[in-house]
Amino acid sequence: MELQPIHPEPTSFIRKWIFSIDHKVIAKQFLWTGLLFLLFGGTLAMLIRWQWAFPGQSVPALGPVFFKDTGGAITPPTYTSIFTMHGLIMIFWAITPILIGAFGNLTIPLMIGARDMAFPKLNMYSYWAFFISAVLVILSFTSQLGAGNAGWTTYPPLSTNVGSPGWGQTFAGLGIFVTGLSSIMGGINYIVTVIRFRAPGMTWFRLPLTVWGLWLTAILNVLFVPVLGSGALLVTLDRLAGTHFFITGGAVGLKGGDPILFQHLFWIFGHPEVYILILPAWGIVGDVLSFFARKPAFWYKGSVFAMIGVTVLSAVVYGHHMYQTGMAPMLGLAFEILTLAISVPAVLLFVNWLNTIWRGSVRKTVPMLFALGMVFVFGAGGLTGLLLGTISTDIYLHDTMYVVGHFHLTMAAASFLASFCGLYFWFPKMFGRETNPLLGKLHFWGSVIFITTTFTGQLLAGYSGQHRRLYDPFQYDYITHLRDINRWTSYSAFMLFIAQIPFVINFFYSVFAGKKTKENPWDVPTLDWVACSSPPVYHNFDVVPTVVRGPHELGNPEVKKALGKDWISQTEEMPGEDLAHAAAAE
Amino acid sequence: MASVAKLEPRMRENFTQSLGMIVALGSWAMMFGALFFVYAGVRTSARVWPPAGLPALPIALPLVNTLVLALSSVMLWIGTNALIRGNRKVLPRYVALSFGFGTLFLVLQVKVWKDLWLSGLMPSTGIYASVFYGLTVLHAVHVFAGLIVLAVIFARSLKGTYTEHNAIRVRVAGMFWHFVDVVWIFMFVALYLL
Amino acid sequence: MKISPRKWLGARRALLPALAGFAVALTTAGLSLAKPQPGTGISLPVDASADGHRIDWLIGVTNAITAVLFVAMTAWIFIAAIKHGEKHTAKYDHGTSKRSMFIALGMAGSVFVVVDGNLFVNSTMDLETVYHNFKEAEKDPNSVLIEVNGHQWAWDFRYAGPDGKFNTKDDIVRLNDMRIPVDTPIVIEVASTDVIHSFNLPNMRTKVDAVPGQINKIWFKAKMTGEFDIGCAQHCGTNHYKMKALLTVLSKEEYAKWAKETSAISERAYDEKDESAHWGWDWKDI
């Protein structure tokens, strides 16, 4: 236990709440910041949807405040900034901090039985680097020429001075770089903590799936975020130092840099990034489905190996984002085969979820509903990805709204629902209070219904040929008849935004005045609920627990006979068993 | 795992620290790997290298410089090993030597840049100059960061902060310095020799 | 605020069938989409190309199969959540028996073989025989070669003219106006002068990025005359949405007449000193 000494709790306000090295406080810092940016990014999404429903018309409520010069209407340059920043903010400043920053920090030490992260100070730096990046991205909005506007993919030459002069894009690029540093610092911590700080008896195959998801995410973060860092750095050099990495002299012949090289760097990072965002979601949902179906996770090892398989493959499928860039046919074919191959572990994982809830005893609690919703939207989104991974069908669908619908269902909607699944699930652990289930269910049904209709609307518009990122899609004659579907999709999106109100009320009410929680309100067997209090003490565990079994021992009839309950915790022994002793001796 | 669990507490702590640094350096290597990827992409698509009318890169001075940086690494390595064996006195001497060679590396690197700049090679000249300056400057930034770390270690070693019991702190910092050295060797081969 | 869980469950009973109905409606919509109804409502745009039906067919078939999978998945989730609800006794099963692992792998494997296999085989065949088969297209003596240059925010088109060479006096040069003959292979080389664009012909089911410093190639054959939109599919700056050109498919005779007249006009307008107008390149063979 020398590795995990008990440090005295800091007493000063600053050490305790601001520059804290306590993983639980850092988790909350990430959570608050992430939720704030989720609101910000969501508002930007509403502006985009307004623009597609009523192009160029003055925006109600927000317009007179933010677009005074134009009488409340969004102009084309402002529009490009809005969708660029919507993408960047949602990915790097909303989902990443909530799913990875907040839940990673909160759950990893608690679930593996550690008193804190391996490098608590690095953890603090990780949050404050993230904070600086958040400041940078907000500074981007103060630029005279508008915030970053080259799309979230920041493809040069558009993202160089050729296409987006001014410091809006520069700050956005630097923000990406700094938030990348934050992710890497967090990733190092997660990787080392899981390898080194597991409680006695906590073998690799006794780890909850949540920890597996976060650990694999950390590996992807550490390996591939630096690649994006390099790309962002080189673009910044092109902008500020006059280099020519990605700028060419002219149409043909003049030999300059190569913009396609940036796309390689971007997607070597970018494709793992979608798994970075979804792996923690898979992990959380994998656990929650089992906990509330009161049944062990179906083929746990299969799920773990599926997640590992996806992690390994994620780095070598990125070329499917670049089929239309004039990629060599053989290279395209190789990427196509790999892309289709990644569907095998993904489907396996999915089938395991379905089998987990089958013949269970499903308790429809709020976290469980969100987990089921995540399975639904992820399934729908995954199915729509097939046409995009195939070269010939991608020729038509590439860069249409179909792509937008697809990645919103898989990456945005699924990680959004999984975030709330985790938030409702660990809320009692974080704040020691329960949330209101009625408001939670209202939030769930509003979210899942309008998420489905909104992104299905986008799929349909894209199927009919509507391009992405059009200020006024109806400039094109062949899609003028899509005005209705765009309007309906927008109404649905507005409803999705409104559907978040119950959550806001629920969250603030419960943080301050919610019902005090029981120690283990969900009856689940993992260390975070059975071995420490809610909320945990500063050093989490007075005695580091000894683990004797896997994380999903639910519904065992023998346990029920012996102990009178349908679950047995990871540290608990059956009468007559002596597993702890064996584990300690190991 | 079984063998790890039996290690002394201090050794376990050391292992955790080293593991953290190894993971961090893996991440760093990916960053440099991406830069080399760009360089490889540029080189394979270029028909003439260096492009017509632009000066070729020197070899002699960078070669000397490679040796200088390698020496700096070796000095730190000797000093750290002495510390681990319990010889605390020689550490400041070797760290100072390491720092000195590191600084010399930067000075010579500035001379390489200056000569090329004066012969008309500027970042805006095109992709040839861009990759050369981009890669070498980014590496130099790491050398500079390493020098700051060495300076801190030097000051602390004079105060006698380091003992054979906490030598891991010097060793982990040294891992970063050796890494910067290894990256330079790759860079030297890729940029100047190939 | 307080409602007992049992009551709440009862209230939601009505909601669940409603949701199931919604899912079915969604699926029906999906299934009907599998059959393209050109030009009206939610459907693929009019297919004006000789080979676009290959892509349309593959999209349709895949949509149909995935719609079935979607219904199965949705039904599974709802049945599991309702029928195997709180009152149901959970079956203690780790899913590690040979049989259950076989079922899980079998489900994953069969989806892969059927859906992915179909996509892969057809896509590869279509690319081999049509989309990447430039030799066949250029072999045709009547085939029309066009150079396209994208720039913020318009498309330039260049035809070789009577001498068959690009970047010469008799080139036909047009802005946002591309005319082609029907039933003839059209081979297009695309590049860009500033940022990345994407040359999109939705009605011809083809598209390729216009990248500065790089020439990309596509070809197609129009099967009907008429006017169609040419778009830019890749975000290229403020007026990306206005980067639109017109594709006119003419009968072979009309096209020949137009080409002859326009070449003469272009030749008269040719200005040797206007360097920026000579953006063409030597045709690149693949």
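Each chain gets a letter, A, B and so on, in the order the sequences are listed, and its residues count up from 1. Everything numeric in this text was worked out from a predicted model, so none of it was measured.
For Phe70(C) and Phe376(A), the gap between ring centers is short of 6.0 Å.
Contact of Leu340(A) with chain C is made through backbone and side chain together, with heavy-atom distances under 4.5 Å. Heavy atoms of Tyr79(A) lying under 4.5 Å from chain C are absent altogether. Neither the backbone nor the side chain of Ile479(A) comes within less than 4.5 Å of any heavy atom in chain C. Using a 4.5 Å cut-off between heavy atoms, His132(C) touches chain A through its side chain atoms alone. With a 4.5 Å cut-off on non-hydrogen atoms, Asp209(C) touches chain A through its backbone and its side chain both. Looking at Val208(C), the atoms closer than 4.5 Å to chain A (heavy atoms on both sides) sit in the backbone and in the side chain alike. Both the backbone and the side chain of Tyr478(A) come within contact range of chain C, each with at least one heavy atom under 4.5 Å from a heavy atom of that chain. For a residue to count as touching a neighbouring chain, one of its non-hydrogen atoms must lie under 4.5 Å from one of that chain's; by this rule Glu227(C) does not touch chain A. Residue contact with chain A, scored on non-hydrogen atoms closer than 4.5 Å, involves the backbone of Met243(C) exclusively. With a 4.5 angstrom heavy-atom cutoff, Thr89(C) touches chain A only via backbone atoms. For Leu105(C), the parts lying near chain A are the backbone and the side chain together; criterion is any non-hydrogen pair under 4.5 Å.
In this structure, SG on Cys232(C) lies 11.0 Å from CZ on Arg469(A), to the nearest 0.5 angstrom. Taking OG from Ser100(C) and CH2 from Trp299(A), the interatomic distance works out to 8.5 Å, rounded to the nearest 0.5 Å. With rounding to the nearest 0.5 angstrom, the CZ atom of Phe120(C) is 14.5 Å from the CG atom of Leu386(A). Atoms CH2 and CH2, from Trp353(A) and Trp76(C) in turn, are 14.5 Å apart once rounded to the nearest 0.5 Å. The NZ atom of Lys91(C) sits 10.5 Å away from the CG atom of Asn355(A) when rounded to the nearest 0.5 Å. Put simply, OG1 on Thr339(A) and CG on Leu119(C) are 12.0 Å apart, with the number rounded to the nearest 0.5 Å.
Asp116(C) and Ser343(A) form a side-chain donor-acceptor contact under 3.5 Å, judged by distance and modelled atom types alone. Counting only N and O atoms by type, the side chains of Glu336(A) and Ser123(C) include a donor and acceptor under 3.5 Å apart.
Between Asp399(A) and Asn200(C) there is no side-chain heavy-atom pair separated by less than 4.5 Å. Residues Ile196(C) and Pro157(A) have side chains in contact (heavy-atom distance under 4.5 Å, counting atoms from C-beta outward). Side-chain atoms of Arg468(A) and His235(C), non-hydrogen and from C-beta on, never get closer than 4.5 Å to each other. Side chains of Lys244(C) and Asp477(A) form a contact here, defined as non-hydrogen atoms less than 4.5 Å apart. Within the 4.5 Å cutoff, the side chain of Gln263(A) has no heavy atoms near those of the Val211(C) side chain. Looking only at side-chain heavy atoms (C-beta outward), Tyr463(A) and Ile59(C) come within less than 4.5 Å of each other. Considering only heavy atoms from C-beta on, Tyr396(A) comes within 4.5 Å of Pro45(C) through its side chain. Looking at Gln152(C) and Leu158(A), their side chains come closer than 4.5 Å, going by heavy atoms from C-beta outward.
Within 6.0 Å of CG in Asp472(A) there are more than 12 heavy atoms belonging to other residues, nucleotides or ligands. In this structure, Trp488(A) places its CH2 atom where only 12 or fewer heavy-atom neighbours from other residues, nucleotides or ligands lie under 6.0 Å away.
Shown here for Gly85(C) and Lys364(A), the closest heavy-atom pair between the two residues is CA-NZ, 3.9 Å. Taking all atoms of both residues into account, the shortest heavy-atom contact from Thr248(A) to Gly213(C) is OG1-N, 4.0 Å.
Classified by interplanar angle (parallel below 30°, tilted 30° to 60°, perpendicular above 60°), the ring pair His84(C)/Trp358(A) is perpendicular.
Heavy-atom pairs under 4.5 Å with chain A were tallied for Val111(C), Ile77(C), Thr62(C), Leu58(C); the largest tally goes to Ile77(C). Here Thr66(C) is the residue among Thr124(C), Thr66(C), Ile79(C) with the most heavy-atom pairs under 4.5 Å with chain A. Counting heavy-atom pairs closer than 4.5 Å to chain A, the top-ranked of the candidates Leu69(C), Asp93(C), Asp194(C), Asp126(C) is Asp93(C). The most heavy-atom pairs under 4.5 Å with chain A, out of Met107(C), His240(C), Met101(C), come from Met101(C). No other option in Ile218(C), Leu127(C), Thr96(C), Asn122(C) has as many heavy-atom pairs under 4.5 Å with chain A as Leu127(C). When Gln234(C), Lys242(C), Met204(C), Arg205(C) are compared by the number of non-hydrogen pairs under 4.5 Å with chain A, Gln234(C) comes out ahead.
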- Does the side chain to side chain contact (heavy atoms under 4.5 Å, CB included) test come out yes or no for His88(C) and Arg359(A), once each step is laid out? CA-CA 8 Å; His88(C) 183 264; Arg359(A) 292 206 267 178; 4.2 Å; yes
- Message: Let's go through Val362(A) and Ile82(C) carefully: what are the C-alpha distance in whole Å and the side-chain angles of both, what is the deciding distance for side chain to side chain contact (heavy atoms under 4.5 Å, CB included) to 0.1 Å, and is it a yes or a no?
- Response: CA-CA 8 Å; Val362(A) 178; Ile82(C) 297 166; over 6 Å; no
- Derivation and outcome, side chain to side chain contact (heavy atoms under 4.5 Å, CB included), residues Leu387(A) and Asn63(C): CA-CA 9 Å; Leu387(A) 290 175; Asn63(C) 274 348; 3.7 Å; yes
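A donor-acceptor pair is defined here as one N or O able to donate and one able to accept, closer than 3.5 Å; no such pair exists between the side chain of Ser464(A) and the backbone of Leu44(C). In this structure, Gln214(C) contributes its side chain and Asp258(A) its backbone to no donor-acceptor pair below 3.5 Å.
With respect to Tyr92(C), the side-chain contact (heavy atoms from CB on, under 4.5 Å) criterion is satisfied by exactly one of Glu553(A), Lys295(A), Lys560(A): Glu553(A).
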